[in-house]
Amino acid sequence: MSFRGMISGAALIALIAGGALAVEARPQTQPQTATAQPSPLPATRALFDSYVAADKMPGIVGAFGVGDRPTVFVSAGRIADGPAAAAAGPDSLWRVYSMTKPITAMAAMILIEEGKIRLDQPVSDFIPAFRDMKVQLGPDTLETRPAARPITIRNLLTHTAGLGYNIITKGPLLKEYERLGLNPAAVNAQLEAQARLTRPATLEEFANRVAQAPLIADPGTKWSYSIGLDVMGRVIEVASGMSFDGFVQKRIFDPLRMTSSYWTVPQSEVGRFATNYLFLGDKRVPLDPAATSVWLSPPSFPYGGAGLVMSARDYDRFLHALQDGGTLDGVRVMKPATAALMMSNLLPPGADFTGAAATTGGTTAGTKMGFGAGGSVFLEDKPGGPSKGTYGWGGAAGTVAWVDPGRHVRGVIMVNYFPGEKWPMREEALNALLADAARYK
């Protein structure tokens, strides 16, 4: 995710507050044309329509909100290739991949608020296998030395635990991750069958196997994208006494009325589930067709780092709750101080965040940034872009989400294709939003 694809809070406030037609769209059954009704975001709508017209993607949905005004949804195209596919809209379902991480982080922060977890508590208090961790002597060897300090909850939430990730780890450590089956993600049915030959069948066993692999660095000393939020799922299970997905459902999805968020997509909802595509050059081929998707069957265990399928409406509700300090529609899931802590810079001293590869769903920095619980945080205003305190993250299949709690602004864009950076959609969306904002100056 590139945060260059975010509009400044002040401009978006003026834009949406001034839009007389800023109404929340309801589910669509037929495609809408660009002229079906006037839009408060005409440049953004024109951009989205142009993507579909140029066959860069089957469909795209954006949701943008200011304060408690109705969310503005901008949709174009369909959820898959072919005229029979449903129109893309606020309730279409998309694989959000790493945008699962902030939701897992919220679950952890709820338990921190309740005193069942402490931010700087050793993970080994919940998962004893993490008691005596080892660190690689170098990237080309599995020889190790004892870790200088224990992994803490803070480390898991901020990718400073020293854990690897099969999407970025290389060399002998990657081979060790593959041997241990440390692949907490789904791609399609074919790859899933192979992954299950080695992947643990439970979250408990997954966490225990993670502890068997050496760390890439001492905990707290280096930011490196990781499976930390997946391990966090097991901590949540132990601390709450509930299954991880059960806790998320009860404490986040149900109270926030997020009714289109799934670890497993019900067969009854396949008609609104987008197909995920793979680009081979400029040719787009189905990678995970909705009708046969790997998400139609339960995962090995709920993946706290990349396991959710969600609608733009639901992710907007999650962001809206963060924007309003943990409360939405009169229902509080966390205290304002807890929400503020989640979206603050939680990095240990010296473990700086300078950006992550776009293929991970990460952000391109370009200004001073920190990292909160499950997402990056702007530590200063960026001219023409996000303001200080903006928090968010993206997904590997092109999705992006952000919230500026200071200016009460939020946004999410949903698409589904690999690689997520195939098109400069995030940067172009910023330019379109800025053009729309200029109409209200």
Working note: R209 + E176, criterion salt bridge (Lys or Arg N to Asp or Glu O under 4.0 Å); need CA distance, chi angles, decisive distance, verdict. CA-CA 10 Å; R209 288 199 205 176; E176 182 68 355; over 6 Å; no

Just verifying a value: how many Å separate L156 CG and F126 CZ, rounded to the nearest 0.5 Å? 10.5 Å

Near-ring test W423/Y51, centroid separation under 6.0 angstrom: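 They do not qualify: ring centres at least 6.0 Å apart.
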
Ring centres under 6.0 angstrom apart (F247, F244):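 Not close enough - the centres of the two rings lie 6.0 Å or further apart.
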
Ignoring hydrogens and angles, tell me if any N or O in the side chain of [X] forms a donor-acceptor pair with the backbone of [Y] under 3.5 Å.
{"X": "D288", "Y": "V294", "answer": "yes"}
{"X": "N416", "Y": "R95", "answer": "yes"}
{"X": "D381", "Y": "K388", "answer": "yes"}
{"X": "T399", "Y": "M414", "answer": "no"}
{"X": "R272", "Y": "D91", "answer": "yes"}

Identify the residue among I227, V123, I153 that makes a side-chain contact (heavy atoms from CB on, under 4.5 Å) with M232.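 Running side-chain contact (heavy atoms from CB on, under 4.5 Å) over I227, V123, I153 with M232 returns exactly one hit, I153.
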
Given V415, which of K422, K56, M425 fulfils the side-chain contact (heavy atoms from CB on, under 4.5 Å) condition? M425

Do we see a donor-acceptor contact under 3.5 Å between the side chains of [X] and [Y]?
{"X": "S240", "Y": "R251", "result": "no"}
{"X": "T152", "Y": "N155", "result": "yes"}
{"X": "R149", "Y": "T221", "result": "no"}
{"X": "T354", "Y": "D352", "result": "no"}
{"X": "D68", "Y": "H320", "result": "yes"}

Salt bridge (charged side-chain N to carboxylate O under 4.0 Å, His left out) partners for R257, two or more places apart: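 Result, salt bridge (charged side-chain N to carboxylate O under 4.0 Å, His left out) vs R257: D329.
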
Just say parallel, tilted or perpendicular for the rings of F353 and W223, cut-offs at 30° and 60°. perpendicular

Which class fits the ring pair W393 and Y225: parallel under 30°, tilted 30 to 60°, perpendicular over 60°? tilted

Applying side-chain contact (heavy atoms from CB on, under 4.5 Å) to T292 and not counting sequence neighbours gives P289

Under the side-chain contact (heavy atoms from CB on, under 4.5 Å) test, residues paired with D132 that sit two or more places apart: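 Once residues adjacent in sequence are excluded, D132 has no partner under the side-chain contact (heavy atoms from CB on, under 4.5 Å) criterion.
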
Contact summary for G395 and Y97, nearest pair of heavy atoms: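 The answer is CA-CB, 4.3 Å.
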
Whether R234 engages the ring of F206 as a cation-pi pair (distance to the six-membered ring centre under 6.0 angstrom, angle to the ring normal within 45°) should be assessed.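 No, R234 does not sit over the ring of F206.
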
